[in-house]
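One structure is given below, encoded as structure tokens.
Counting starts at 1 for both ligands and their atoms, following the listed order.
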Amino acid sequence: MKINFLDLKEFNPLKFPEILTAAEAAAAPILTEYVIKEMFNLHAQVSRTVWNIRMFDEEFNREGSGFLICYMDGGKAIAVPKFTISDIDENLKLDLQSIIAGFFIFYNVLDEIHILDVAVAKELQSKGLGSLMLYRIIRSNAKRGIRYYFLEVRASNKIAINLYKKFGFKIFMIRKNYYDDGEDALCMAKEL
Ligand SMILES: CC(C)(COP(=O)(O)OP(=O)(O)OC[C@H]1O[C@@H](n2cnc3c(N)ncnc32)[C@H](O)[C@@H]1OP(=O)(O)O)[C@@H](O)C(=O)NCCC(=O)NCCS
């Protein structure tokens, strides 16, 4: 299956409420709640690390956080950066019937990005969606002068490690017993 991305304009209605119509402003919190629930469900299906729904909420509201979310719509993946106007633009047909395909959660401090969570729906894995999302994050943040990327990954998660290595991430440290079940974390970093 070929996956296309639409380049959507980044927009945060909560930060610019004055330029939203009343209908858009009313739709934003409903959509946010819906999206967070979908991300929580997808994470629970594919990830071995437990996140409760409150953690998604907290990250969503964290200063500097970024969510890249992909929705399947008629066979196309639509990438929706955190709070885009397109979330509530009928032309893009992202509505409560759309199916979440994958997401990245990260946050930005100074010229660094910290990747916190990544998931792709089981049936869509190994088709290039994770790579497309990561490519897009690196490309759009490079324009903002972001040079450093950091993340932790389970030592046994070969697919994720391969994804990061493909983008030039290197292991710089091992955190012993980092996860609740005692598994080690590989700390990986990339410098542009
Ligand atoms: C890790 C994950 C996000 C990767 O997303 P994806 O869309 O499946 O990744 P891609 O298809 O873009 O593949 C990226 C690279 O991973 C590697 N890869 C993909 N599928 C693989 C497989 N079955 N076996 C080994 N390596 C694989 C390849 O190196 C691939 O690059 P290439 O196809 O150019 O060779 C996804 O598998 C996932 O959601 N896993 C469960 C949740 C998880 O582990 N999250 C990571 C937390 S740190």
Side-chain angles (χ1 to χ4, degrees), residues 1-7 35-56 58-60 62 65-82 98-109 112-142 146 148-192:
M1 182 193 357
K2 185 159 163 33
I3 294 168
N4 299 310
F5 276 71
L6 302 182
D7 263 330
V35 168
I36 286 182
K37 218 176 270 172
E38 281 214 309
M39 292 170 78
F40 168 75
N41 288 334
L42 175 55
H43 176 104
Q45 282 161 27
V46 302
S47 183
R48 285 171 51 209
T49 306
V50 179
W51 272 48
N52 62 42
I53 203 152
R54 200 164 39 81
M55 292 161 78
F56 285 91
E58 282 168 6
E59 290 308 328
F60 206 74
R62 184 210 281 250
S65 74
F67 280 47
L68 179 68
I69 307 163
C70 285
Y71 278 88
M72 295 310 292
D73 179 34
K76 278 189 301 191
I78 299 177
V80 184
K82 181 181 177 182
S98 303
I99 302 162
I100 193 163
F103 64 81
F104 262 77
I105 300 178
F106 52 93
Y107 68 90
N108 166 224
V109 182
E112 301 169 9
I113 292 276
H114 294 252
I115 295 176
L116 296 178
D117 195 19
V118 185
V120 170
K122 194 87 199 144
E123 63 281 10
L124 296 169
Q125 287 180 8
S126 305
K127 294 182 193 299
L129 194 52
S131 301
L132 278 167
M133 286 193 288
L134 187 51
Y135 170 75
R136 188 184 159 129
I137 289 167
I138 293 170
R139 189 192 59 181
S140 62
N141 284 299
I146 308 282
Y148 301 100
Y149 285 79
F150 298 95
L151 57 85
E152 277 114 19
V153 56
R154 283 179 180 271
S156 66
N157 194 344
K158 298 287 176 244
I159 301 183
I161 294 165
N162 285 346
L163 166 68
Y164 302 133
K165 281 188 173 165
K166 179 177 159 185
F167 281 84
F169 281 79
K170 302 228 174 344
I171 298 164
F172 67 92
M173 192 171 90
I174 297 176
R175 287 213 165 100
K176 289 278 172 203
N177 304 316
Y178 179 75
Y179 294 99
D180 288 349
D181 56 8
E183 183 164 358
D184 297 345
L186 306 186
C187 302
M188 300 184 78
K190 170 187 169 69
E191 182 179 347
L192 284 190

Does the N or O separation between [X] and ligand 1 drop below 3.5 Å for any pair?
| X | result |
| --- | --- |
| Val153 | no |
| Gly130 | yes |
| Val118 | yes |
| Ser47 | no |
| Ser131 | yes |
| Lys158 | no |

Run the numbers on Glu58 and Arg54 for salt bridge (charged side-chain N to carboxylate O under 4.0 Å, His left out), then give the verdict.
CA-CA 6 Å; Glu58 282 168 6; Arg54 200 164 39 81; 2.9 Å; yes
Is the closest protein non-hydrogen atom to atom 2 (C) of ligand 1 under 4.0 Å?
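Flag for atom 2 (C) of ligand 1 set to false, no protein heavy atom closer than 4.0 Å.
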Under-4.0 Å heavy-atom contact between protein and atom 26 (N) of ligand 1:
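It does; a protein heavy atom is within 4.0 Å.
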Measure from the ring center of Phe60 to the ring center of Phe67 and say whether it is less than 6.0 Å.
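Phe60 vs Phe67: aromatic centres under 6.0 Å.
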Relative to the heavy atoms of Leu129, which atoms of ligand 1 are at a distance of less than 4.0 Å?
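Heavy-atom distances to Leu129 below 4.0 Å select 7 (O), 12 (O).
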With heavy-atom distances below 4.0 Å as the criterion, list the atoms of ligand 1 near Tyr164.
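By the 4.0 Å cutoff, the relevant atoms are 48 (S).
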So which protein heavy atom does [atom] come closest to, and at what separation?
| atom | answer |
| --- | --- |
| atom 33 (O) of ligand 1 | Lys166 NZ, 4.3 Å |
| atom 39 (O) of ligand 1 | Val120 N, 2.7 Å |
| atom 40 (N) of ligand 1 | Gln125 NE2, 3.6 Å |
| atom 16 (O) of ligand 1 | Ile159 O, 3.4 Å |
| atom 4 (C) of ligand 1 | Leu163 CD2, 4.0 Å |

Inspect the surroundings of CG in Asn162 and state if more than 12 heavy atoms from other residues, nucleotides or ligands are less than 6.0 Å away.
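Yes.
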I'd like the name of whichever of Leu42, Asn157, Asn162 reaches closest to atom 43 (C) of ligand 1 through any heavy atom.
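Among Leu42, Asn157, Asn162, the closest heavy atom to atom 43 (C) of ligand 1 comes from Asn157.
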To which of Ala119, Ser126, Ser156, Ala121 does the heavy atom nearest atom 21 (C) of ligand 1 belong?
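Shortest heavy-atom distance from atom 21 (C) of ligand 1: Ser126.
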Residues in ring pair (Phe, Tyr, Trp, His ring centres under 6.0 Å) with Tyr149, at least two apart?
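Listed in chain order: nothing, the list is empty.
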My understanding is that only residues two or more places apart in sequence, or in another chain, count here; which of them pass salt bridge (charged side-chain N to carboxylate O under 4.0 Å, His left out) with Lys122?
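Counting only residues at least two positions away or on another chain, Lys122 forms no salt bridge (charged side-chain N to carboxylate O under 4.0 Å, His left out).
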Hey, is Phe103 one of the residues with a heavy atom under 4.0 angstrom from ligand 1?
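So Phe103 does not count as touching ligand 1.
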